[in-house]
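Step one of this worksheet: look at the structure below.
Both counts, for ligands and for their atoms, begin at 1 and track the order of listing. Both backbone and side-chain heavy atoms feed into the values below; hydrogens, waters and symmetry mates do not.
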Amino acid sequence: MSRPLRFAANWKMHLGPDEARAYFKTFRTRYRPREQCEVWFFPPAVSLEAAAQAARDRADLVVGAQDIHWEPKGAFTGAVSGPLVAQAGAKATLVGHSERRHVFGETDADTRKKVGAALAAGLAPVLCVGETLAEREGGQTLAVVHRQLAGALRGLEGGKLAQITIAYEPVWAIGTGRNATPQDAAGVHREIRAWLAARGVGERARVLYGGSVNLKNITELLAEPELDGVLVGGASLDPASWAELVHSGAA
Ligand code: PEP
């Protein structure tokens, strides 16, 4: 039996509702479901409902939000909440993506409130952590990752913690064409697992790698058993090549 793998597509600010419907039509034609293999999609909020409808009869295809506000409702113009995205069909949400942290100024305290809001809304949180290039070059990678984990997950116990997927996404690798080596990623994944294990996550935690994953490097990356899957931006936008990438990674 193959090992469980999760392939997550972050569409960022691309693909409106019509494009999302067309995307799923092509993806479903090209992708043959694989045992123990889940494909998650994070469309922009306006395309959540279209994507969720297009995936609704398939348990292995999961649709989630790219971000949520920590409040369930209220005067927060432009924001979407956990209950709102759940109503649109989302089953998961990214939290603390590096673009939220570094473009929109999201703090560790914000990520903590968002993880809590996601769990309260019944959404599976995918918490993104990772260091900048300067932090890496300064030998700060593990300190940054530990700080981000503690900032977002402090106070959560084993059962709740076990519901969280961690995506290790070094900031210097996102959208740059420069991916971490499988060995470098594995070293950080081991530290993340040890951090979770010390807090009572008994079962093997899900840790994904993200940052310039593409058709050329997916096989080499997933040959590393520390990686439970990948979070992919640019290389997930074309449905045919995304299906090919998932097949290559799951082979
Ligand atoms: C991402 O957006 O999470 C990401 C990893 O992007 P890319 O694959 O384009 O580097």
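The aromatic rings of His189 and Tyr168 stand perpendicular to each other, their planes meeting at an angle above 60°, with 30° marking the opposite boundary. Between Phe27 and Phe24, the ring planes lie perpendicular to each other; the angle is over 60°, past the 30° to 60° tilted range.
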Name every donor-acceptor pair, under 3.5 Å, that has one atom in a side chain of residues 68-92 and the other anywhere in the protein, sequence neighbours excluded.
unit_1 : atom_1 : unit_2 : atom_2 : d
His69  : ND1    : Glu71  : N      : 2.9
Ser81  : OG     : Pro72  : O      : 2.7
Ser81  : OG     : Leu84  : N      : 3.3

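For the residue pair Asp110 and Thr107, a side-chain donor N or O sits within less than 3.5 Å of a side-chain acceptor on the partner.
With sequence neighbours excluded, no residue forms a salt bridge (Lys or Arg N to Asp or Glu O under 4.0 Å) with Arg112. Contacts of Arg30 classified as side chain to side chain donor-acceptor pair (under 3.5 Å), with partners at least two apart in sequence or in another chain: none.
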Go ahead and list the nitrogen or oxygen contacts between ligand 1 and the protein that come in under 3.5 Å, distances to 0.1 Å, or just say none.
unit_1   : atom_1 : unit_2 : atom_2 : d
ligand 1 : 2 (O)  : Asn10  : ND2    : 3.1
ligand 1 : 2 (O)  : Lys12  : NZ     : 2.8
ligand 1 : 2 (O)  : His97  : NE2    : 3.0
ligand 1 : 3 (O)  : His97  : NE2    : 2.8
ligand 1 : 3 (O)  : Glu169 : OE1    : 3.0
ligand 1 : 3 (O)  : Glu169 : OE2    : 2.8
ligand 1 : 6 (O)  : Lys12  : NZ     : 3.4
ligand 1 : 6 (O)  : Gly233 : N      : 3.4
ligand 1 : 8 (O)  : Gly233 : N      : 2.8
ligand 1 : 9 (O)  : Gly234 : N      : 2.9
ligand 1 : 10 (O) : Gly175 : N      : 2.6
ligand 1 : 10 (O) : Ser212 : N      : 2.8

